[in-house]
Protein chains: 2
Amino acid sequence: MDNLEKEKQKLIEMFGIHFETHHNLPPLASRIFGTLILNCRIKGLTFEELVEITNASKSSVSTNINLLLKLEKINYYTLPGDRRKHFRPSNLSDRIKNHLKILNSEVQICDKIREFDEQFKLSADYEKGQQILAVYLEYAKDFEKLLQDAIAKINEIENNNSTS
Amino acid sequence: MDNLEKEKQKLIEMFGIHFETHHNLPPLASRIFGTLILNCRIKGLTFEELVEITNASKSSVSTNINLLLKLEKINYYTLPGDRRKHFRPSNLSDRIKNHLKILNSEVQICDKIREFDEQFKLSADYEKGQQILAVYLEYAKDFEKLLQDAIAKINEIENNNSTS
DNA sequence: CGGTTGGTTCGGTTGAAAACGAACCAATAG
DNA sequence: CTATTGGTTCGTTTTCAACCGAACCAACCG
């Protein structure tokens, strides 16, 4: 199983970079998240196990777990007669919702630019600028629909034959 | 024109926050980018002017301009008999291409997970996991097409009645 | 050649983010 | 009640990104 471990390490590394750069997560949070996705998507891992695996301090792990919980990237469940929390990645659809947030922020920006241009009409390329913004906004609308479709489909799969 | 300046400042501020959080740009780079978009989308601004407007040091402006160039968020042109570079935001389609990069990174990750699952089949939820990944990959494919359409349309507008 | 302009490079400073250890709390077990 | 387990909080240290000034380079001008 040496091979498996190596493969896992490589992937977790990849995850780290991806989440740090594209989703703005702190390094340890990224590694925790990657670890959960690769190791135990259903069963989850306990706090203790995470401390062990990531080789970080309890306090750091605690802080970063709470961050991931707040961002809804992970969630946890407990078993009767066991105080430990079992952490696991939240479902994909929750995570895709993040794209929607970014998109909305982007649309807002475009609207603001449009208003600004409209109001002051000072750029030489006023007409063209408006056209391009219009295309972008249209694209954004399509994108939004696409995202919502994907979320719906995934929810269906995840809830239909629900585990947990 | 006091009103205009105020409006501009507010927008640049907004831009700053958006680009810092969603695109991982350093603060100064965000402000430079925002300034260029709002001030002079066609004419552009020179290095000197940017130093003046942003009120930052030459070195910082230099560093951040080069970052924006590397990320293809801006470009520059020169005029014969004038050594100065005129910086301006690159066209929207180039910037949208950035989304494609992120998307590709995400698809790669999914593929890796799928391979990993396939190879080791150790998670209890193997079947379901594969289904969800499939939906996600399908969604990614649709998204990609959408992006390329948008890019094509924008290119058409920008090149048809080409300025610069 | 020397001076000016346009811009880059390099070493140092600084403030915020990230990680840590130790003390602490709350729940349960014995 | 005491001991243990599971986890949080708090104050401190460490690390690193962002910015700066000063020196430097390269091109052109006279």
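A note on names: the letters A, B, ... follow the listed sequences, proteins ahead of strands, and every chain is numbered from 1. Excluded from the calculations below are hydrogen atoms, water molecules and symmetry mates; all remaining heavy atoms, backbone and side chain alike, are included.
Between A:Phe15 atom CZ and A:Leu25 atom CG the span is 12.0 Å, to the nearest 0.5 Å.
In this structure, CG of A:Asn66 is placed 15 Å from C1' of C:dA18, rounded to the nearest angstrom. C:dT5 atom C1' lies 9 Å from atom CD of B:Glu48, rounded to whole Å. The distance from atom CG of A:Leu50 to atom C1' of D:dT5 is 17 Å, rounded to the nearest whole Å. As a whole-Å value, the separation of B:His86 NE2 from C:dT5 C1' is 13 Å. For the pair A:Leu69 CG and D:dG7 P, the computed distance is 11 Å after rounding to whole Å. Following rounding to the nearest Å, A:Glu20 (CD) and C:dA17 (P) show an atom-to-atom distance of 15 Å. Whole-Å rounding puts the B:Phe87 CZ to C:dG6 C1' distance at 10 Å. Rounding to whole angstrom units, CG of residue A:Leu68 and P of D:dG7 are separated by 15 Å.
Of the residues A:Asn64, A:Ile12, A:Asn55, the one that meets the side-chain contact (heavy atoms from CB on, under 4.5 Å) test with A:Arg31 is A:Ile12.
With distances taken from any side-chain atom of B:Ser62 to the nucleotides C:dG7, C:dT8, D:dG7, the minimum falls on C:dT8.
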Going 5' to 3' through nucleotides 13-30 of chain D and flagging B where a protein heavy-atom sits under 4.0 Å of the base, S where only the sugar-phosphate is that close, and - otherwise, we get -----SSBB----BB---
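Between A:His18 and B:Ser105, the side chains place a donor N or O and an acceptor N or O closer than 3.5 Å (distance only, hydrogens not considered). Between the side chains of A:Ser60 and A:Ser57, at least one donor-acceptor pair of N or O atoms lies under 3.5 Å.
Applying the salt bridge (Lys or Arg N to Asp or Glu O under 4.0 Å) test to residues at least two apart or on different chains, the pairs with a partner in residues 57-82 of chain B are B:Asp82-B:Arg84.
Looking at A:Glu49, its side chain does come within 3.5 Å of a backbone N or O of A:Thr46 through a donor-acceptor pair.
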